[in-house]
Amino acid sequence: MNFLGFIWNPADTLFRIGFLQIKYYNLLWIIAFALGWFIMKRIFLNEKKTVQELDSLFIYTVIATMLGARLGHVFFYDWPYYSQHLLEILLPIRERAGGSLFGIISGYEFTGFTGLASHGAAIGIIIGMYLYVRKHKGFKMLWILDRVVIPVSIGAFCVRLGNFFNSEINGKIVEKSFLFATKFVRDSDDMPASNALRITKEKTADAAYKALENNPQFSEYLEAIPYRHPAQLYEGISYIFVFLLLYYLYWKTAKKDKPGYLFGLFLVLLWTIRFFVEFVKKSQGGFEESLGLLSTGQWLSLPFILIGFYFMFKPSKA
């Protein structure tokens with residue numbers, strides 16, 4: 001008996017306005033930032049800080065998160081490609097034969113920002129908070145980090161839910177009888193869009209994937225797509241519990257008064273979850289082939305876990 005037990009095949013685009021595409025993934029990023037602002041507003045008001053200071057922090061956080069996540073993906077996971085496509089690092093486009101950008105520039109297509117790495121986002125946020133406290137002298141670095149990790153943890157859930165809608169960062173293959181077995185029709189390894197178009201003769205990828213799922217003449221191709229772990233949901237749902245714990249500790253205990261404790265706990269919990277989920281997640285590339293034993297995501301998580309333990313248990317200043 002399957003718990004999920006369904007074929008997962010949603011279109012990744014919510015709606016289009018001309019060349020502009022609004023994807024579920026983009027929408028969930030927006031929701032993550034909006035939730036973060038409201039949570040931090042409550043914290044700032046509780047700590048007698050101003051909304052103007054929060055607005056400035058919000059700008060630093062958005063820019064640092066997106067820039068860090070993007071550069072993290074580029075350098076940690078896909079540098080061989082981007083080293084030959086520098087223009088695509090910070091622009092939401094991708095080179096594609098036959099593509100047309102705005103109907104003017106041939107050889108490219110608008111993709112939105114795809115390829116974001118959570119380890120890069122974490123580094124970006126830390127750097128962003130450092131720059132923020134340098135400009136706003138009334139704040140201390142650990143004070144900011146202890147509080148900003150609370151909304152970041154629920155934001156991490158939103159991002160993983162977006163990955164699930166995108167059918168990306170899927171898990172390894174499992175038997176159909178496995179409790180959470182999920183068939184990702186749009187998995188880029190199991191059924192690339194080019195294959196779906198070739199098989200169905202449809203004109204768009206969305207139409208091709210829908211035909212694979214619903215047209216009986218393509219049932220053999222649908223059957224050949226394996227079931228996988230919904231690794232994004234394992235990770236994302238676990239992050240909800242990280243958020244709830246941090247939120248409780250901030251509002252109901254004195255842990256927020258020990259500089260670095262909530263920040264350290266966040267690092268330990270979030271990256272430990274990531275470390276163990278990697279065991280059921282298919283390879284995302286990067287440098288794991290050269291180092292072996294662990295995945296790229298696991299290697300990158302270990303330093304964060306160790307840093308987290310340091311901040312949790314470092315001696316308090318007298």
Inset, instruction - Report yes or no: is the cationic atom of Lys176 (NZ for Lys, CZ for Arg) closer than 6.0 Å to the six-membered ring centre of Tyr227, at no more than 45° off its axis? - result: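 Negative - Lys176 is either too far from the ring of Tyr227 or too far off its axis.
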Inset, instruction - Find out whether the Lys NZ or Arg CZ of Lys135 is both under 6.0 angstrom from the six-membered ring centre of Tyr60 and within 45° of the ring's axis. - result: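 No, Lys135 does not lie over the aromatic ring of Tyr60.
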Inset, instruction - Classify the ring geometry between Tyr132 and His136 as parallel (under 30°), tilted (30 to 60°) or perpendicular (over 60°). - result: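 Aromatic pair Tyr132/His136 classed parallel.
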Inset, instruction - Kindly assign one of parallel, tilted or perpendicular to the pair Trp8 and Phe164, based on the angle between their ring planes and the thresholds 30° and 60°. - result: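 Trp8 and Phe164: parallel rings.
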Legend entry - Asn46 side chain near Tyr250 side chain, heavy-atom distance below 4.5 Å: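 Yes. Closest side-chain heavy atoms under 4.5 Å.
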Inset, instruction - Give a yes or no on whether Tyr81 atom OH has more than 12 heavy-atom contacts from other residues, nucleotides or ligands under 6.0 Å away. - result: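 Buried by this count: over 12 neighbours within 6.0 Å.
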Would you check if the side chain of [X] reaches a backbone N or O of [Y] as a donor-acceptor pair within less than 3.5 Å?
| X | Y | value |
| --- | --- | --- |
| Asn170 | Ser167 | yes |
| Glu47 | Leu45 | no |
| Gln232 | Leu161 | no |
| Tyr209 | Met191 | yes |
| Lys183 | Ile225 | yes |
| Lys172 | Phe279 | yes |
| Ser56 | Glu53 | no |
| Arg147 | Trp143 | yes |
| Ser83 | Pro80 | yes |

Inset, instruction - List the steps, then state whether side-chain contact (heavy atoms from CB on, under 4.5 Å) holds for Trp37 with Asp55. - result: CA-CA 8 Å; Trp37 188 89; Asp55 288 340; 3.1 Å; yes
Inset, instruction - Would you list the pairs meeting salt bridge (charged side-chain N to carboxylate O under 4.0 Å, His left out) in which at least one residue belongs to residues 151-166, sequence neighbours left out? - result: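 Every pair satisfying salt bridge (charged side-chain N to carboxylate O under 4.0 Å, His left out) with a residue in residues 151-166: Arg160-Glu235.
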Legend entry - Within the 6.0 Å centroid threshold, strictly below: Phe44 and Phe139: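 Between Phe44 and Phe139, the centre distance is under 6.0 Å.
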Legend entry - Salt bridge present between Glu213 and Lys210 (N-O < 4.0 angstrom):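 Not counted as a salt bridge, because no side-chain N and carboxylate O are separated by less than 4.0 Å.
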